[in-house]
**Student:** 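Questions regarding the structure given below will be posed in turn.
Quick caveat: nothing in here was measured; it's all calculated off a predicted structure. To find a chain, count down the sequence lines: A is the first, B the second, and so on, and within it residues start at 1.
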Amino acid sequence: MKKLFFGVLLAGLATGAAAQNIQMTKSGKVSFYSRAKSPEKVEADNNEVSSVLNTQTGDLVFAILLKSFHFERALMEEHFNENYVESNKYPKSTFKGKIVNISSVNFSKDGAYPVTVEGELNLHGVSRQVSYTGSVIIKSGKVNATSRFSIKLKDYNVSIPSLVADKISEDIDVTVDCKYEPKS
Amino acid sequence: MKKYLVLFLLLNLLSPLLRAQDDLMKMLENESKKERKKDYATATFKTTRLINGQSIENVAAGVMDVKISHRFGMVNRGSYESFGLDQATMRMGLDYGISNRLMVGIGRSTYQKQYDAYYKFKILRQSKGGRGSSPISISATSSVMLNTLKWEDPKRQNYYTSRITYAHQLIIARKFSEGLSLQLMPSYVHYNLAQAATDPNDIFALGAGGRIKLSKRLSFNVEYYHVLPISLVEGQDYRLPGTKNSLAVGFDIETGGHVFQLHFTNSTGMTEKTFITETTGDFFKGDIHFGFNLSRVFTIKNKKFRKK
C-alpha cells in the first residue's frame, strides 16, 4: 500500500515535469469550404477551437465545438447544426493523434517544418484513422500549426439530400490554423 | 530503497505513454469546463409561424422572409366546389429581422381586405450551461390589423379607428428534445369597435401548440386557441357570436431555403384577430380549410461570420 502511494506520488511528479512541453490554445481557427457547382458559398469559420500539443512526444489533440462554426447565412448555420452534423447529438468533433515526425521540428529555431499527423478523427459519431500533412511554424519561440486537407462527408455518415446535391459538395476542404501558447 | 528507485524509473519511462493523448484530451475538457458557454436552444420550430399563429422563432438579423399563405374553401362543400379548392383566401407577407431578438412584419390579406403589421421580440431564450440559463423561451408579439372593407353604412359618421383591432401575445416555448417542442400562447385581442352592444371589445384566449419531428426535414404540427370565458364588461359576451375555437393540424416540410407548411384548419383568416376570435367553422363537422404557407428567406445583410 505504501509502495503504491509512493508510486502515485512519483508519477505525479513525473507528469509535473512533463508539463513544460505542453502547448495549448483555446482560440484556434478551423474553417471549411464546400467546393460545389452552385454559386452559393457554403463556408464557415470557427475561432474557438481548442488544441493541445506536446512538443516532446508530438501528441496532438483537438476539440471542436460544432455550434461555434459560424456561417454567413443564418439559415445555413441552422441547417448545418440541425440536419447535417446534428450538433445536439454530437456536439463536438475531436482529433486524437500524433505528429509522427516531431523530432524533425526544432522548437528553438525559427522556420516552417513540414509535419505528418496521424490519428483518429471523430465527427458526427464516426471515428476514422486519418493521416494529414501540415506545417509547424516556429517564430520567435511561438508555435503555430497549420494544415489543409479534405474530408468526404459520406465517410462520416453525413448525407446530402438529392435536392441540394448541387449546392453542397461531397468533398469538404478544411483548413486549420492554431497559434499555441505554453501551458502554465 | 532500491525498489522505489526501480519503480520511479519505471514510472518515468511509462508516464509519457500513459499520459499520451487521452490525458491531453482530459486537459482540454477541464479547461473548457472552467468557461462553460451558454448553449441556446435553436430551431425550436422550423419557421416563424406554427400554423396560423406565431411560433417562438424569429428570422435572424438581416434576413427577409417572404410568406405567401393560402386557405382554400371548406372541404365539406362537396364536389361542386371541388371540395373547397374553388375558393381561396390569401395573405402575402414580408418579415424582416432587425436584430437576432427583434423582427417585424407586414401583410395584406384578401380576407376582409386587411392590412396587418406586427413585431415579435425575444425576451428570454432557452439555454443550458453558463450563468442564468433558462428552461424556456419567452417572446412577446403584438399585431395591429386594419380592415379596409367598404363601410357597411356609409351614410353614418364612420371613424377610421373603428376598423382597427389589436392583438397581443406572449409565447412561452420549450424544446423538450430534438423531436418535441411545445408552446403556450396567452393572447389578448382588442376591437376598437364591437359590432353589437353585447359583443366584447376585449377577448382573451389561451393557445397551445407543438410539433413532433417525423424526420430531419418533416414535422407534424398542432395549434389550438381556446377563447377564455373572461368578460371585462357586464352584459357583454366573452366571445363573438357563432364563433368556434381555432384548431389546425399540419406538416412543415423544409427544403433548403424554403419551408412549406401544409395544413387543415377551421379558420379562414390568417391574422391573429381573425383566427383567434372570428373562426366560425366547426372542425369536427368538416368545416375544414386545406391551406399552405410558403416561406422563402433571403439574406439581405450579409454579416460575415455573425457572432451569436
**Student:** Could you walk me through whether A:E72 and B:T299 pass the side-chain contact (heavy atoms from CB on, under 4.5 Å) test, one step at a time?
**Tutor:** CA-CA 9 Å; A:E72 247 178 70; B:T299 306; over 6 Å; no
**Student:** When only pairs under 4.5 Å are counted, which of A:K92, A:M76, A:K96 shares the most heavy-atom pairs with chain B?
**Tutor:** A:K96
**Student:** Work out which heavy atom in A:S51 is nearest to a heavy atom in B:L28; give both atom names and the distance.
**Tutor:** N-CD2, 3.8 Å
**Student:** With the side chain counted from C-beta on, respond yes when B:M27 and A:I22 share a heavy-atom pair under 4.5 Å apart, and no when they do not.
**Tutor:** yes
**Student:** Report the C-alpha distance between A:N83 and B:R217 in whole Å, list the side-chain angles of each, state the deciding distance to 0.1 Å, and finish with yes or no for side-chain contact (heavy atoms from CB on, under 4.5 Å).
**Tutor:** CA-CA 8 Å; A:N83 299 339; B:R217 292 174 180 82; 3.5 Å; yes
**Student:** Please classify the contact of A:F69 with chain B as side chain, backbone, both or neither, using a heavy-atom distance under 4.5 Å.
**Tutor:** neither
**Student:** Please evaluate residues B:K216 and A:H79 with respect to the criterion side-chain contact (heavy atoms from CB on, under 4.5 Å), reporting the C-alpha separation (whole Å), side-chain torsions for both, the decisive distance (0.1 Å), and the verdict.
**Tutor:** CA-CA 10 Å; B:K216 276 185 209 165; A:H79 290 166; over 6 Å; no
**Student:** How about CZ on B:R101, more than 12 heavy atoms from neighbouring residues, nucleotides or ligands closer than 6.0 Å, or not?
**Tutor:** yes
**Student:** For B:V297 and A:L75, work out which heavy atoms get closest and say how close.
**Tutor:** CG2-CD2, 3.4 Å
**Student:** Can you say whether A:L65 sits under 4.5 Å from chain B via the side chain, the backbone, both, or neither, judging by heavy atoms?
**Tutor:** neither
**Student:** Before accepting this row, confirm whether a basic side-chain N of the pair B:K175/A:E82 lies closer than 4.0 Å to the acidic partner's carboxylate O.
**Tutor:** yes
**Student:** What part of A:K98 gets within 4.5 angstrom of chain B, counting heavy atoms only: side chain, backbone, both, or neither?
**Tutor:** both
